[in-house]
**Q** 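Mind looking over this structure? Questions follow.
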Amino acid sequence: MAAFKNPQILLASDLRDGEVMFLGASGWERDHRRARVALDAAAAAELEKIGHAEYASNHVVDVYLTDVEIEPDGVPTPLHYREKMRIKGPSVRRDLGKQATGA
Amino acid sequence: MSVHDLSAAARPNAPTTTYRYDEFDADFVRERVAEFREQVRRRLEGSLTEDEFRPFRLMNGLYLQLHAYMLRVAIPYGTLTARQMRCLADIADRWDRGYGHFTTRQNLQYNWPKLIDTPDILDALADVEMHAIQTSGNCIRNVTADHFAGVAADEIEDPRATAEFLRQWSSLHPEFSFLPRKFKIAVTGATHDRAAILAHDIGLRILKNDAGDIGYQVMVGGGLGRSPFIGKIIRDFLPRADLLAYLEAIMRVYNRYGRRDNKYKARIKILVHEKGIEAIRDAVEKEFASMDRSVFSHDPEEFTRIAAYFAPPPYESLPAVSATLRAARNDNPALDNFVAVNVSPHREPGYAIVTVSLKPIGGIPGDATSAQMRTLADASERFGFGELRVSHEQNIILPHVKQDDLPALWRILDAAGLATANAGLISDIISCPGLDYCSLATARSIPIAQEISKRFSDMSRQRRIGKLGVKISGCINACGHHHIGAIGILGLEKKGQESYQITLGGDPTFSAAIGEIVGPGVGAEQVPDVIEHLVDFYLAEREEKETFIDTWRRVGHARFKDALRREGEDGAYI
Ligand code: SF4
């Protein structure tokens with residue numbers, strides 16, 4: 001297992017509509033601001049375990065952890081530009097995706 | 001197996017040159033939709049796992065992308081009727097977000113369908129004889145063809161009859177459902193290659209031999225992606241009667257020797273590259289000579305039957321040059337430019353081929369709104385026998401417009417934001433969806449296209465620069481054909497940032513070439529500057545009538561690279 005370097009959140013896609021979701025305190029959230037943040041390796045492993053179970057019970061697909069930084073207001077923001085894109089929607093269509101609904 | 005409605009051919013203004021599915025096709029497609037509906041149901045209720053379901057989903061053109069699912073709809077050889085275009089618009093409104101993206105494989109992608117809606121979308125497509133079969137997976141993919149097929153002034157024969165013949169042969173062939181990798185075929189019947197056939201696993205060029213017989217020059221082992229190769233001639237002249245048998249021999253050799261152990265080495269181009277074209281030719285000819293060819297004995301009749309569907313529409317006899325158009329061009333410079341740049345010669349006197357650019361300045365290459373799709377469908381009915389084409393350059397073609405009608409058509413296109421007069425110019429950029437949508441992407445490509453387009457927004461400057469193909473891919477898979485762009489741009493990740501590698505000298509035509517890298521990658525914000533410097537250098541160096549690629553070939557890699565180096569501070573833009 002890779003060494004734990006940064007806080008992490010768990011992403012997945014909703015099986016029904018493919019929308020990006022984040023594991024929150026009590027289930028899947030569509031807004032990354034409500035994502036549960038793992039601050040150490042044990043917490044990240046716990047997120048992954050839940051993710052695997054959710055995948056196995058056919059609620060979500062494409063489940064993985066991604067590194068984040070915690071903004072001063074407490075919001076976790078992905079470090080990688082790919083996931084930065086996923087929390088918003090296409091950068092060339094600001095009227096579509098999560099960004100269009102104020103997420 | 002075939003029952004065709006030939007009556008359509010007799011009706012004026014009905015689409016006459018589009019193959020109509022026979023009942024066999026229609027039943028097959030409906031069955032596949034019903035099967036997929038059941039598979040989706042079982043997936044949603046949990047009795048199919050994702051691993052079990054994924055192959056079914058992909059067989060029906062449904063991918064999971066960054067923000068949502070994506071459905072890729074097949075548009076065989078890029079030909080559409082007005083009715084089909086309207087249906088695509090209706091689907092965009094009803095189940096997607098009001099637009100679609102036309103791709104470099106002459107297909108259409110919806111970026112936001114829900115899994116639960118997909119069977120309904122596929123049923124709606126089946127209503128207009130469309131589907132999403134062969135748009136994914138390790139099969140023979142949707143066969144592509146010259147988008148000017150049947151109308152080009154430089155054409156020997158309409159390549160769509162061949163493309164359709166191959167579609168029927170490949171779509172149901174049990175031996176070809178599980179190939180080592182995907183397999184792409186393109187056909188042209190003209191003396192200029194507009195279908196990039198040398199960048200395909202198999203490229204077919206229709207030729208007439210000295211005896212006046214029509215046959216094919218067969219190219220094999222072309223392809224882009226991680227390891228780009230230009231196709232090599234495997235047969236100089238293949239009589240038409242042998243087409244399927246010979247292609248089957250190629251497929252068998254590929255199936256037998258193609259590598260299944262390594263996905264990156266599994267394409268036929270790698271086999272041709274590793275074994276050499278002579279060895280592959282020997283193996284194919286041996287297979288061809290030994291195979292039972294009696295099963296192909298009905299091919300010529302079948303070909304003739306299919307070719308009848310591509311009979312020309314009922315053209316009027318018209319003077320070769322339209323006085324109405326000439327007068328309108330004199331009065332309207334915008335129309336004049338549009339005709340000069342986006343209109344191509346038609347084989348029929350008094351008619352023209354119109355390229356409708358889906359590349360407005362600063363727009364998203366290949367995207368069309370549902371309203372634009374309807375405008376195009378209406379325009380094709382009013383002015384062009386109800387037929388449209390999708391080009392691999394991600395534009396729409398109206399293939400049979402009377403020159404007299406061009407002013408009226410232009411007004412309609414202009415009002416719909418569809419009259420950008422840039423076909424083939426620097427802002428007519430091919431761009432894959434890249435990281436704005438695609439889960440495989442390593443960088444964005446659309447914003448790069450938009451910035452270049454804005455940088456060159458002055459249309460008179462674009463016309464001065466002349467034909468110049470800029471092609472952008474968001475990853476090494478090269479869906480944006482960057483290897484064969486005179487200027488190619490590949491988006492990669494470098495140290496956690498998007499980085500763009502520039503290649504020069506790519507060529508998609510019969511003089512095909514793979515572009516050469518001119519230096520290390522640059523950041524997104526630098527790309528328009530780099531392109532501008534390259535263009536300025538070309539303009540300074542070009543000799544009379546030279547295109548960018550001509551100057552590149554004459555002047556050479558080193559000087560283009562030098563030009564960039566000198567332009568930057570301490571030695572470099574690149
Ligand atoms: S080239 Fe890469 S990023 Fe672009 S569409 Fe193809 S797979 Fe996606």
Side-chain angles (χ1 to χ4, degrees), chain A residues 2 5-6 8-22 28-32 48 51-69 77-103, chain B residues 40 42-54 57 62-71 95-99 101 111-118 362-365 367 431 433-451 474 493 496-498 524:
Chain A
K5 284 200 206 125
N6 296 297
Q8 293 185 311
I9 61 172
L10 192 79
L11 282 88
S13 301
D14 186 335
L15 171 67
R16 284 169 182 270
D17 59 18
E19 186 175 338
V20 188
M21 302 204 293
F22 310 90
W28 293 103
E29 301 285 351
R30 295 193 176 233
D31 185 337
H32 75 283
E48 256 191 326
H52 283 146
E54 286 289 290
Y55 177 82
S57 54
N58 302 310
H59 295 127
V60 290
V61 288
D62 193 23
V63 189
Y64 65 97
L65 287 167
T66 195
D67 287 359
V68 293
E69 61 184 344
T77 305
L79 290 177
H80 197 276
Y81 59 85
R82 182 179 192 269
E83 279 66 37
K84 280 195 170 95
M85 193 82 73
R86 295 197 77 192
I87 64 171
K88 289 187 176 156
S91 70
V92 293
R93 289 292 304 262
R94 294 292 185 205
D95 57 326
L96 297 173
K98 294 179 184 298
Q99 57 201 350
T101 53
Chain B
V40 169
R42 289 172 58 211
R43 176 73 187 112
L44 291 171
E45 83 176 16
S47 58
L48 281 179
T49 65
E50 183 62 11
D51 286 345
E52 289 164 336
F53 179 67
R54 190 182 302 109
R57 148 161 96 58
L62 190 66
Y63 290 69
L64 182 63
Q65 297 288 32
L66 286 181
H67 312 294
Y69 287 99
M70 178 271 280
L71 182 69
W95 289 292
D96 210 83
R97 304 286 165 92
Y99 72 105
H101 174 74
N111 289 313
W112 307 92
K114 294 184 166 61
L115 175 61
I116 36 180
D117 292 336
T118 311
I364 298 178
D367 275 15
S431 170
L435 192 67
D436 279 292
Y437 293 99
C438 175
S439 65
L440 300 173
T442 41
R444 282 174 288 174
S445 34
I446 298 168
I448 302 295
Q450 291 175 307
E451 289 309 313
E493 176 175 353
Q497 302 290 325
E498 290 164 291

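Numbered from 1 within each chain, the chains take letters A, B, ... in sequence-line order. Hydrogens, waters and symmetry mates play no part in the numbers below; they use all other heavy atoms, side chains included.
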**Q** What part of B/I116 gets closer than 4.5 Å to chain A, counting heavy atoms only: side chain, backbone, both or neither?
**A**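 Contact with chain A is through both the backbone and side chain of B/I116.
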**Q** At a 4.5 Å cut-off on heavy atoms, which part of B/P433 comes close to chain A: side chain, backbone, both, or neither?
**A**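 Nothing of B/P433, per the 4.5 Å heavy-atom cut-off to chain A.
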**Q** What do the steps show when you test B/L115 against B/V40 for side-chain contact (heavy atoms from CB on, under 4.5 Å), and what is the final call?
**A** CA-CA 7 Å; B/L115 175 61; B/V40 169; 4.1 Å; yes
**Q** Atom CG of B/L66 and atom CE of A/M85: how far apart are they, to the nearest 0.5 Å?
**A**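 So the gap between those two atoms works out to 7.5 Å.
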**Q** Within a strict 4.5 Å, meaning less than it, do heavy atoms of the A/L10 and A/V63 side chains meet?
**A**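 Yes; the side chains approach each other to less than 4.5 Å.
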**Q** Quick check on B/L435 against chain A: is it the side chain, the backbone, both or neither that has a heavy atom closer than 4.5 Å?
**A**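 Both backbone and side chain.
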**Q** Which one, A/V61, A/L11, A/L79, leads in non-hydrogen pairs under 4.5 Å with chain B?
**A**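 Highest number of heavy-atom pairs under 4.5 Å: A/V61.
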**Q** Can you check whether chain B and chain A share any donor-acceptor pairs under 3.5 Å, and give the atom names and distances if they do?
**A**
unit_1	atom_1	unit_2	atom_2	d
A/L15	O	B/Y69	OH	2.5
A/R16	O	B/L115	N	2.7
A/N58	OD1	B/R43	NH1	2.6
A/N58	ND2	B/G46	O	3.3
A/H80	NE2	B/E493	OE1	3.1
A/H80	NE2	B/E493	OE2	2.9
A/Y81	OH	B/T442	O	2.4
A/R82	NH2	B/S439	O	2.9
A/R86	NE	B/L66	O	2.8
A/R86	NH2	B/L66	O	3.0
A/S91	N	B/D436	OD1	2.6
A/S91	OG	B/D436	OD1	2.6
A/S91	OG	B/R444	NH1	3.1
A/V92	N	B/D436	OD1	3.4

